[in-house]
Amino acid sequence: MSMTVLTVDDSRTMREMLRLALADAGFRVVQAEDGIHGLEVLQAEPEMPQVIVTDINMPRMDGFGFIEEVRGDQRYRAIPILVLTTESDAEKKNRARMAGATGWIVKPFNPVKLVDAIRRVAA
Amino acid sequence: MDPLAAIRETFFQECEEQLAELESGLLAMEGGDQDPETINAVFRAVHSIKGGAGAFSLEALIRFAHVFETALDEMRSGRLAPSNDVLKSMLRAADVLADLVRAAHAGDEAEHPGAATLAEELRTMSGAAGAEDESEEDWGDFEFQPMAVAVEGAEAPAAAPAGFKVAFKPRADLYAKANEAALLLRELTRLGHAEVELDAHDVPPLNEIDPEAAYLSWTVTLTGDADETSIREVFEFVDGDCELEVTPLGGSAESEGGEPAFDLSSLLARVQGDAPAEAAPEAPVEAFEPVAPPPPAPVVAPVVAAAPPPAAPPAAANETAAEGQAAGGPRKTEAGATIRVDLDRVDRLIDLVGELVINQAVLAQRVMEAGLARASAVAMGLDELEQLTREIQDSVMAIRAQPVKSVFQRMPRLVREVAAMTGKPVRLVTEGEGTEVDKTVIERLADPLTHMIRNAIDHGLENPEKRAAAGKPAEGVVKLSAAHRSGRIVIEVSDDGGGINRERVKGIAIEKGLISAEATLSDEEIDNLIFMPGFSTAAEVSDISGRGVGMDVVRRSIQALGGRITISSRPGKGSTFTMSLPLTLAVLDGMVVSVNNQTLVAPITAIVETLQPKAEDVHSLGGHARVISIRGGFVPLIDVGMALGYRNEPLPATQGVALLIEGEGGARAALLCDAIQGQRQVVIKSLEANYRQVPGVAAATILGDGRVALILDIDTIVTVSRGDMRKAG
Amino acid sequence: MTAQPLILADSLDMTAAGPLHKALLDRRGQPLSIDASQVRRVGGQCLQVLLSAQSTWAADGAEFQIVDPSPEFADGLVLMGAAHLASAAAALSPVQD
């Protein structure tokens, strides 16, 4: 059974890049456009994603808020979350970690490393 | 298309959306908008462009977006005040960013002339705001390695040691962030030959344990090729959430590494020592010798009893989760209000609704023919059907409708540029940006609007000196507005300049032979001369309004959309151009005429007037070519039946009706038809989709009685007939 | 009486540790057989709960056994240096059949 990955990013370009990289690796990809949408997708998905990859800067609900929501929900809190961001700056990364991010990937991502990071955090 | 190329196109498409967002956000801020979401959206726009540019290694774009983003971040965090000057620079930076996006799209690698200066300006702003310049460090991530791994204290060992001892003790936080000790160990053991020793010293008895705390620690002896860097990489994500010690084997560290493996006896001692749970002493008993091999397995009897259906707690937990899900969960959030739909699907729907409208009309006609009473149930049901059909049609058309905002928001930049080129300070005022019109109409509005706005600044507005002399403020105002009026959209471009210099316009028209020197023209007629082909009022050749492209081009493109354009001007006060356009290109206001028992439709927008030809006004030019005299001028009289091959002998002019039409470029002609049936709105059906392209016929429609009517292509008819005319003359 | 075996959930991740803990507490004082046949993954927190239970049962002098471990469960224990937790079970499981 292939692993399901939820990607949350407001940029269509990034969503498509992620889909391409993840589908190539044999993952099933579900997408959301921002944090709120991400929560909706989690709720609607019959197959709980095993890993979440999320952007930080998004409208409506940003990555920090989304991570906090996921971590605060008994149903989802065990799902590893990788934050995907252009920021290499320590502050954003730390905030994401404080919120409960499992790991991070620096954009622009290398597809091989992205997949590798997902496999590292996923059971 | 190769998937990456497709994503690249998506990226550029998205860039355009973000550039629009960026500009409108900055403009809103310039207008006093202090909503933090506005600056956030502005920041996100640039941030997103940078992110995508990074993915496609568009260096010039990345570089500029980065500097821009840094400045915006300063503004977002409140360290850089959004003063007018700052916002003006940001707007120019947005323009440069737009240029860079387009250059990148076109694969143009030429240096942008303004980028360097503006980047410097932005950097100064960010610097002045007191930001430490991190740009250099940040670059590392973009230029070298997508996934930079920060490894503290990582050094390649000088001589590879025999291996490493990795001591690892997770904290509760590690688990809380969905990291997993088991997975880290799995990664670690993949690096070489690993021996894992578990230390469960700290595990309290069951009645004391906090199941989500962290009590276990591990010591992994790793031998093989693994280097310290790759070992530490395994723990990259849990840095700070665990205690980690990596020591080369064979060093002094080994002595302290002799931790016991699972120490059941110490735990046993504690459990036994505090059998009454409440009296649990805190201090663990440490006086036990480590027991290296696992304790003997408890002697247990084999399980004989059959396992009942799983009533076990984990299953119960699942049920709880399921209940939570069924209940909708605590955070029922509002669904996104938009969906993306392929345009083809919408067009197909519009097409079908077109068919429905026609079908309904056919049905109504049949009912009438059947002689059913108006008040009969069938007729009344049909009325309701008609009502419903019309509503469906409107709703479907509304799907394609978009606010004119998308084209309006391209104009501020244009105004800035033209203002800079002409040296005229200009303020653009927009109104009715939310007014909706068909997407295709919007797309084709950009060019004429661009032209008109350039024109308004270049020709309409006076220079500051003249304005001062006229007692006007130095800053000229150009107003762009949109509104719905009687089923059409009306767009106005007005300026508060000097108005049309009628003397000069008339002079130029005479000079260029467009009118005779003796012609007496009303003010309105003079104003409309500027729409004549080849007319240009610019005394000096201007870089801005284009060369040889005048208002005639604007009028032509508006007419092509089934629209009309008019001008009104007041000397000293300014001019207003008014465009009236259909809300959709799927229906057309038509004049239904008959020609040789055929029903044809002529677009109303092309028709100037209808007239009954008098014998004395019609002159033959030999062959079948005729002209008709209208108010002292001659226009070709085109027999539509002949032009379309419906008859071989021309209709005597006096037996028909003539439509005086004006085609693209202002060429006039009179179309001779048998009779006029009336005006009506028709649903346009593409002819090419069904048959082939027919010269002189633009499209078709189906009338209420079920008959197909062709829609005339006025311009082709005029052009073709003109060729005939020349041959004849 | 022989207690009904406690069947472990398939995913012994961090969210399973709490419920597992509670289930074990409920069975304190009785002989305990834990069915690990459904387990697909096991994490550190569930492991520590199981280890705590094992020693608690030992201290109580009650029977404690893990039966029919799935390969994933056994592998997980080996990976975490806790093979002994199931080794008895592994030895016993053929007997069970």
Side-chain angles (χ1 to χ4, degrees), chain A residues 9-17 19-20 33-34 36-37 39-40 42-43 55 57-62 67 69-71 73-75 77-82 85-90 93-94 97 99-114 116-117 120-123, chain B residues 3-4 6-8 10-15 17-18 37 40-41 43-44 47-48 50-57 66 69 134 137-138 140-142 145-148 150 176-180 182-184 187 234 236-238 240-241 317 320-321 324-325 328-336:
Chain A
D9 200 311
D10 59 328
S11 155
R12 239 183 306 149
T13 310
M14 287 314 297
R15 285 200 303 274
E16 286 311 304
M17 295 286 287
R19 181 192 285 286
L20 188 64
E33 294 178 14
D34 57 43
I36 288 179
H37 190 201
L39 293 172
E40 287 166 357
L42 278 176
Q43 220 167 63
D55 188 23
N57 282 291
M58 294 181 290
R60 299 207 299 166
M61 181 190 282
D62 64 13
I67 295 167
E69 291 290 331
V70 171
R71 286 289 171 256
D73 193 311
Q74 178 65 18
R75 291 170 291 169
R77 69 192 178 98
I79 305 175
I81 304 174
L82 296 173
T85 167
T86 341
E87 258 79 26
S88 54
D89 88 65
K93 201 164 81 183
N94 283 338
R97 293 186 68 185
T102 310
W104 56 89
I105 294 152
V106 177
K107 279 196 281 192
F109 62 86
N110 170 331
V112 177
K113 299 222 172 183
L114 167 75
D116 186 58
R120 262 164 77 191
V121 297
Chain B
L4 210 58
I7 297 176
R8 200 169 184 272
T10 304
F11 165 64
F12 285 114
Q13 214 182 359
E14 203 172 18
C15 273
E17 293 162 21
Q18 271 142 356
E37 189 38 43
N40 281 339
F43 174 85
R44 270 199 309 272
H47 179 77
S48 261
K50 186 181 93 170
F56 294 105
S57 307
H66 177 74
E69 182 192 28
E134 297 166 25
E137 295 161 44
D138 268 1
D141 293 324
F142 285 106
Q145 199 22 261
M147 183 158 158
K177 292 174 187 170
N179 271 301
E180 178 48 67
L183 294 177
L184 293 162
E187 291 303 311
V234 168
E236 185 197 2
F237 292 158
V238 296
D241 294 331
T320 321
Q325 220 144 351
R331 258 170 313 276
K332 188 99 191 161
T333 40
E334 225 171 278

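Each chain gets a letter, A, B and so on, in the order the sequences are listed, and its residues count up from 1.
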side-chain contact (heavy atoms from CB on, under 4.5 Å) between Leu4(B) and Met17(A), intermediate numbers included: CA-CA 8 Å; Leu4(B) 210 58; Met17(A) 295 286 287; 4.2 Å; yes
Separation between CG of Asp62(A) and CZ of Arg44(B), rounded to the nearest 0.5 Å: 9.0 Å
Chain A contact via Asn40(B) - which portion, at a heavy-atom distance below 4.5 Å: neither
Between Thr10(B) and Glu16(A): side-chain donor-acceptor atoms closer than 3.5 Å: no
Residues in side-chain contact (heavy atoms from CB on, under 4.5 Å) contact with Glu33(A), at least two apart in sequence or another chain: Arg15(A), His37(A)
Side chain, backbone, both or neither of Ala41(B) within contact of chain A (heavy atoms, under 4.5 Å): neither
Closest non-hydrogen atom pair, Ala78(A) against Ala178(B): O-CB, 3.6 Å
Top contributor to chain A contacts, counting heavy-atom pairs under 4.5 Å, from Glu17(B), Arg8(B), Glu187(B), Lys177(B): Lys177(B)
Residue Arg77(A) versus chain B: region with a heavy atom under 4.5 Å: both
Distance (rounded to the nearest 0.5 Å) between Arg12(A) CZ and Gln13(B) CD: 5.0 Å
Arg97(A) vs Phe237(B), side-chain contact (heavy atoms from CB on, under 4.5 Å): CA-CA, chis, key distance, verdict: CA-CA 9 Å; Arg97(A) 293 186 68 185; Phe237(B) 292 158; over 6 Å; no
Chain B contacts, top residue of Ala99(A), Gly100(A), Pro59(A), Gly103(A) (heavy-atom pairs, under 4.5 Å): Pro59(A)
Choice from Asp9(A), Leu20(A), Asp34(A) maximising heavy atom contacts with chain B below 4.5 Å: Leu20(A)
Contacting region of Leu82(A) [heavy-atom separation from chain B under 4.5 Å]: side chain
Under 4.5 Å from any heavy atom of chain B - which part of Ala122(A): backbone
